[in-house]
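Accompanying notes for the structure given below.
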Amino acid sequence: MRVFFIKRFSGVSLIAGNQHQRITELTKNKQELHIIPLFVIMDIAYLKEVKQVKQKQIYLILFCVMISWGLNVIATKILVTNFMPVTMTAFRIFLGGVSVFIILSIIKKVRMLTKKEFIYVFIGGLFNVVVHHYFLAVGLSETSASNGGLILGLGPILTAVLAVLFLGSTMTVIRAVGFLLGITGVGCIVLQSGGGFHGIASGDVSVFLSVLSQAISFVLIAKVSKTLDPRLMTGYMLVMGSVILFFISLALEPEGLASMQNASIGLWALFFASAVIATALGHMLYNFSMGKVGAAEASIFINLSPFFSLIGSVIFLKEKIAAAQLIGFVFILIGVVLGSGGFEELIRKRKRNQQMNMKKKYTV
């Protein structure tokens, strides 16, 4: 193969010094030559700068998604207070699913499911949409938004535990400590009333069941995510689940449709924002970001969601935050970092980067 001398192209330049002289000498030879390693002709400093800029943009996207998810708990609390919870949730999730399909149609990512994919997506949708959103809507109508938001933060830990039980993941000491801390945090939150186990609000239990059902769905989704775009999977699950929720609402809430007829413009604006921004765009942007920075780093940002729920409940709902809730939040925060595997993965990633940098240092 012949080697061509490239002075500069799109920000990529030759490295000055001995390597520059070596390449110049090689290009004078008319004989067949081996390909020069890429790191010899790439401007490493430039590439690192570009990578850091892109990574900061992804982090900003994740930060904004966590704001929308945290405040969505507040929005859902307001909506279930003014509408029949299951009926409203069915329409909200359906609108979110339709929004996902519209976006995917624009970028040409829509396709039909295979029979195997349909089975997994349908079962996953039952847990991820029907059971999860049913208990979330009912739970938030019976507990505070601050409690609900904090308990929702337990999701990554439950997912990690189920992955150990059903997907063959390893339960390390660090993950076990994280799980115990997370459970302790939830205990601080639900027992804050001082009434012991008899004082636990039924709404707190419902929210916990919603998180558990979502964690189960993630295990099922992992079975099919290797062949199906997670964004498309999200759209199918939202639409399928919302239709099932609607028929459930007809049985449980006969007056559900009537409760949505006389809503104010402000409530409808909140409804559409929750469906389109938090549900549709939020999940799509999170999946996109996870593919760019990895599941470990993306999962760390989930800790911000209950924080914004706490802030939102104080600002918009005038709820008072108890000391036990703050303590519980800290326990859940540390528990998710350790129990989800994110902390261990970040350590492994850091070691890999150090090893690669050392190799580059000695090679160049």
Side-chain angles (χ1 to χ4, degrees), residues 69 72 76 85-101 103-104 109-140 151-152 154-169 171 205-253 275 278-280 282-284 286-288 290-291 295 298-299 302 340-341:
W69 284 1
N72 190 47
T76 304
V86 182
T87 304
M88 180 279 302
T89 300
F91 280 99
R92 182 174 66 86
I93 299 304
F94 180 77
L95 178 59
V98 171
S99 300
V100 170
F101 273 107
I103 296 171
L104 292 179
K109 292 290 184 180
V110 177
R111 68 170 177 84
M112 297 297 292
L113 300 175
T114 65
K115 184 177 180 180
K116 181 180 179 181
E117 288 173 342
F118 177 82
I119 293 173
Y120 277 112
V121 171
F122 180 78
I123 297 175
L126 288 178
F127 285 97
N128 188 274
V129 178
V130 180
V131 180
H132 169 67
H133 285 284
Y134 171 81
F135 280 112
L136 180 60
V138 173
L140 286 177
I151 297 172
L152 284 172
L154 193 63
I157 299 180
L158 294 179
T159 303
V161 172
L162 291 176
V164 170
L165 296 176
F166 299 106
L167 296 180
S169 297
M171 175 58 78
V205 177
S206 294
V207 174
F208 178 81
L209 290 176
S210 76
V211 179
L212 179 60
S213 66
Q214 190 178 49
I216 293 173
S217 75
F218 289 152
V219 174
L220 295 171
I221 290 170
K223 298 283 188 179
V224 71
S225 59
K226 295 179 180 179
T227 62
L228 184 62
D229 188 317
R231 296 169 297 182
L232 182 59
M233 187 190 314
T234 299
Y236 274 115
M237 287 195 302
L238 290 176
V239 172
M240 291 180 188
S242 64
V243 172
I244 297 173
L245 268 178
F246 176 70
F247 284 107
I248 292 176
S249 71
L250 292 178
L252 298 179
E253 300 171 348
T279 303
H283 283 88
M284 290 188 66
Y286 181 81
N287 289 331
F288 168 78
M290 186 167 58
S299 66
I302 292 180
S340 65

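In what follows, every heavy atom counts, from backbone to side chain, and hydrogens, waters and symmetry copies are set aside.
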Counting only pairs under 3.5 Å, give me each side-chain donor-acceptor contact of residues 233-241, with atom names and distances, residues two or more places apart or in other chains.
from : atom 1 : to   : atom 2 : distance (Å)
T234 : OG1    : P230 : O      : 2.8
Y236 : OH     : R111 : O      : 2.6

Smallest separation among heavy atoms of V211 and G155, with atom names: CG1-CA, 3.4 Å
Interatomic distance, L136 atom CG to S206 atom OG [nearest 0.5 angstrom]: 9.5 Å
Spatial distance of atom CD1 (I244) from atom CZ (F122) [nearest 0.5 Å]: 4.0 Å
Validation row: L113, Y120 side chains within 4.5 angstrom (heavy atoms): no
Rounded distance [0.5 Å steps], CD1 in I123 versus CD1 in I119: 7.0 Å
S242: which of V98, I93, V130 passes side-chain contact (heavy atoms from CB on, under 4.5 Å): I93
Closest contact, heavy atoms only, S210 versus L152: OG-CD2, 4.1 Å
Between CE on residue M112 and CG on residue L232, distance to nearest 0.5 Å: 10.0 Å
Pairwise distance OG(S99) to NE2(H283) - rounded to 0.5 angstrom: 13.0 Å
Exercise: identify the closest heavy-atom pair between T76 and L140: CG2-CD1, 3.7 Å
Non-hydrogen side-chain atoms of Y134 and V138 separated by less than 4.5 Å: yes
Spatial distance of atom CG (L252) from atom OG1 (T87) [nearest 0.5 Å]: 8.5 Å
